[in-house]
Number of protein chains: 2
Amino acid sequence: MKFEAVTIKDIAKALGLSTSTVSRALRDSYEISPETKKQVLEYAQKINYRPNPIALSLKEKRSHSIGIVVSEIANNFFSQVINGIESIAYDRGYNVVITQSHESYHRELSNVQYLASRSVDGLLISVSAETQDLQHLQGLHEKGLPIVFFDRVVENIETHKVTIDNARGAFDATHYLLQQGYQQVAALMNAEYLSITRERLAGYKNAMNKNGLSFDPDLVQYCRHGGLDYEEVEQALDQLFSQQKRPDAIFGGSDTLTTNCLRYLKAHNICMPEDIGFIGFSNIDLSELLSPSLSVVRQPAFEIGKLATSLLLELIESKRPVKTFNTQVLSPSLLIGESSQRIKKAKKL
Amino acid sequence: MKFEAVTIKDIAKALGLSTSTVSRALRDSYEISPETKKQVLEYAQKINYRPNPIALSLKEKRSHSIGIVVSEIANNFFSQVINGIESIAYDRGYNVVITQSHESYHRELSNVQYLASRSVDGLLISVSAETQDLQHLQGLHEKGLPIVFFDRVVENIETHKVTIDNARGAFDATHYLLQQGYQQVAALMNAEYLSITRERLAGYKNAMNKNGLSFDPDLVQYCRHGGLDYEEVEQALDQLFSQQKRPDAIFGGSDTLTTNCLRYLKAHNICMPEDIGFIGFSNIDLSELLSPSLSVVRQPAFEIGKLATSLLLELIESKRPVKTFNTQVLSPSLLIGESSQRIKKAKKL
DNA sequence: TATTTTTACGCAAACGTTCCCGGTATCAAT
DNA sequence: ATTGATACCGGGAACGTTTGCGTAAAAATA
């Protein structure tokens, strides 16, 4: 029923050679005569022979492919990162296998195990919002599987990492809002223990302090599942807007959160920038076409993907075990639109 | 260097059994005594044994995984389709391997061959804008590889297909623009021979006729690479706007085209809806937040993914070769925003 | 008790490769 | 003519599974 691909055996049989000879001829071994090589190569070409990667993987325990784990591909940031990854991987002859955790720890676990059992040569991962236990990665890492973290990195595993200066991105955004005169800048964040949340929150706090304000926990809402479901964001924002010290600006802590926050504001008829100021992390490509145009913290997503992949391939192709790892920190950029331009309402003097 | 996974051999050795016995015990064969089974199962559990899927694939020539080929994942429509695919596949115990053709025929070919050689059990594909030669798919199909086409389908391969009523989507959009009073409705389309292009163009023409207008080829621009690169769209639009019968409205033929068209209009300071009316295919989730809010033809992307996957799994798991195939046609929906609301300029009577 | 049946397990081949280890011509040098 | 080297090639194991077949021991039957 299933197609029978042509194998080395077929070539051997047809040419009256052994499989060893054919294999060697194909790999251009020195102990095969030029004539035989020519014969084999031509015949292989003719019948369109392709080595079976599964057999190769089984034997060599490597697959010339790398695994990717992200929370969601329907996400501007991650899909851009993936394009960066692919651009490098493809050039270097590696295939990529993309999987999504949907912010679920169990899904991530299952994906990682699947990829490992498929003998991927390395792993590129941004952990899920739920991930706290790192056994699954720790184990693979100790057994020598090359791993490079990006975006959401973890502390306890020593390997290459690629992030951006999250604190600065958050600082710049928050600082800008405060400088515009917004008083109550709320932060809509991802799960509390994620690296990106901690760092961005640090930047947020820092901006508050620099502007003479003290950190107010009531102004921070965490979305334990990254706000993938609109309902989660809705609940968080309902909470923020229900308290007496109503925020007059929001800092959106991730691409997904920003998008869903905008949807909330629209649904509740809360207008930027007059009712609320807004700046958020987002790699949406149409931010300047939104109404009002959106102020965003943009990450160099494509670059992150390229860099992470280069580092991973370095690990994979290194002859000797790599002992020194580094963390590359790229820079986010703050793009100002109208959503953060405070309009001074009729001032009461 | 690479981790040595625990194998059936290890279990056999540890328990003083043969690999056959262990294998059968794990598969709960009737010819293994309950005690042995228990012993094996417990030990396997203890040392966290997982069957090696590569060895299985090699032997069984199936992998419990399905391959996806789309042009681009950084695309609202496709990423939503993929989520639909995954939601079904995951429930049914299948893994998905996502690949991108980037609208390149060669990339598609390479991906398809990779997936086939990786023994995917079936293929879900929306062909690239460049794809005209179907040998690569035809061959696999004849050899019995289950394939389901979605979105951009092909005629010459008889199998299940999932599309939407493209003609109606295009008709509705064009008709709406004409009814609004726009006179010169241009069409910005994908590659000419794609199914979606042909069908959508048919709907466009039909609307023209229904409104007493004849089809004008000069009002149609094709983007041979799907407008993935902004430059391609820019060139197409430059062309449209440079001719004497300047269009006063545009129908955007795909998600990517719509996005890049908006970018163009913004860059050239052409305002919707007064300078130009616009409706386009798009699954962007923020269309109502754009300025002006965007009129779009939206596809039930998640549903398409789910349906295509169900059909594929039906093919894969069918005992006997399937002979009758059907094409499922879902409905697009026209969501009207401000971008298509013609503002009557100071009329000259 | 002798024979048949059942139960429970092991052997070995197969999937498509690679590669170690041989082996046999051929030919030049002694 | 004998040796040694060189050039080419084949046999077979291994990777981790599954599975058809064979077979010992145990149980059932006569």
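Throughout, protein chains are lettered first and strands after them, A, B, ... in sequence-line order, and every chain is numbered starting at 1.
Across every non-hydrogen atom of A:Leu123 and A:Val120, the tightest pair is CD1-CG2, 4.3 Å. What you find for B:Val153 and B:Val162 is that their closest heavy atoms are CG1-O, 4.3 Å. Nearest heavy atom pair, residue A:Ala12 against residue A:Thr19, reads CB-N, 3.9 Å. Considering every non-hydrogen atom in both B:Arg224 and B:Ala129, the closest pair reads O-CB, 3.4 Å.
In this structure, the side-chain contact (heavy atoms from CB on, under 4.5 Å) partners of A:Ser29, at least two apart in sequence or on a different chain, are A:Arg24, A:Glu31, A:Ile32. Checked against side-chain contact (heavy atoms from CB on, under 4.5 Å), A:Asn326 has the following partners two or more places apart in sequence or in another chain: A:His160, A:Leu311, A:Gln328. Residues satisfying the salt bridge (Lys or Arg N to Asp or Glu O under 4.0 Å) test with A:Asp91, not counting sequence neighbours, are none. Annotation: salt bridge (Lys or Arg N to Asp or Glu O under 4.0 Å) contacts of A:Glu314 (sequence neighbours excluded): none. Residues satisfying the side-chain contact (heavy atoms from CB on, under 4.5 Å) criterion with A:Asn83, sequence neighbours excluded, are A:Phe302, B:Glu72, B:Ala74, B:Gln100, B:His102. Under the rule for a side-chain contact (heavy atoms from CB on, under 4.5 Å), the partners of B:Gln132 that lie at least two apart in sequence or sit in another chain are B:Tyr193.
In this structure, B:Ile32 atom CD1 and C:dT6 atom C1' are separated by 14 Å, rounded to whole Å. Note: CD1 (A:Ile11) to C1' (C:dT17) measures 12 Å, nearest angstrom. In this structure, NZ of A:Lys9 is placed 12 Å from P of C:dA13, rounded to the nearest angstrom. What separates NZ of A:Lys59 from C1' of C:dT18 is a distance of 5 Å, to the nearest Å. Atom pair A:Glu31:CD and C:dC21:P shows a separation of 12 Å (rounding to whole Å applied). Taking atom CG of residue B:Leu58 and atom P of nucleotide C:dT18, one finds them 13 Å apart after rounding to whole Å. For the pair B:Glu35 CD and C:dT7 P, the computed distance is 13 Å after rounding to whole Å.
A side-chain donor-acceptor contact under 3.5 Å links A:Thr159 to the backbone of A:Ile147.
At the heavy-atom level, A:Ile8 lies under 4.0 Å from the strands shown only through sugar-phosphate atoms. Contact annotation for A:Leu17: backbone-only contact, meaning every heavy-atom pair under 4.0 Å involves sugar-phosphate atoms and none involves a base. Backbone-only engagement by B:Arg27 is indicated by non-hydrogen atom pairs under 4.0 Å involving sugar-phosphate atoms exclusively. Across all strands shown, B:Ser20 has heavy atoms under 4.0 Å from base atoms, whether or not it also approaches the sugar-phosphate. Using a 4.0 Å heavy-atom criterion, one finds that B:Ser23 contacts the bases of the nucleic acid, with or without backbone contacts as well.
Rounded to 10 degrees, the angle separating the terminal axes of the helix from C:dT1-D:dA30 to C:dT30-D:dA1 is 70°, with each axis obtained from five end pairs.
Distance from the side chain of B:Ser18 is smallest to C:dC11 among C:dA8, C:dG16, C:dC11. The listed nucleotides are C:dA14, C:dG16, C:dC21; the one nearest the side chain of A:Ala55 is C:dG16.
Applying the ring pair (Phe, Tyr, Trp, His ring centres under 6.0 Å) test to residues at least two apart or on different chains, the pairs with a partner in residues 113-159 of chain A are A:Tyr105-A:His136. Residue pairs satisfying the ring pair (Phe, Tyr, Trp, His ring centres under 6.0 Å) criterion with at least one member in residues 14-59 of chain A, sequence neighbours excluded, are absent.
Listed pair B:Lys61 / C:dG16 meets the phosphate criterion, a side-chain N or O lying under 4.0 Å from OP1 or OP2.
Salt-bridge check for B:Lys46 with B:Glu42: failed, with every basic side-chain N at 4.0 Å or more from each acidic carboxylate O.
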Produce the list of close N/O pairs, under 3.5 Å, pairing protein atoms with atoms of nucleotides 23-26 of chain C; give distances to one decimal.
none

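Less than 4.0 Å separates DNA chain D from at least one heavy atom of each of the following residues of residues 36-51 of chain A: A:Thr36.
Residue order along DNA chain D, read from the 5' end via each residue's closest nucleotide, puts A:Pro34 first among A:Pro34 and B:Leu56.
Chain A approaches DNA chain D within less than 4.0 angstrom (heavy atoms of the protein), and the contacting nucleotides run 5' to 3' from D:dC8 to D:dG16.
For the residue pair B:Asn75/B:Thr256, the side-chain donor-acceptor check at 3.5 Å is satisfied.
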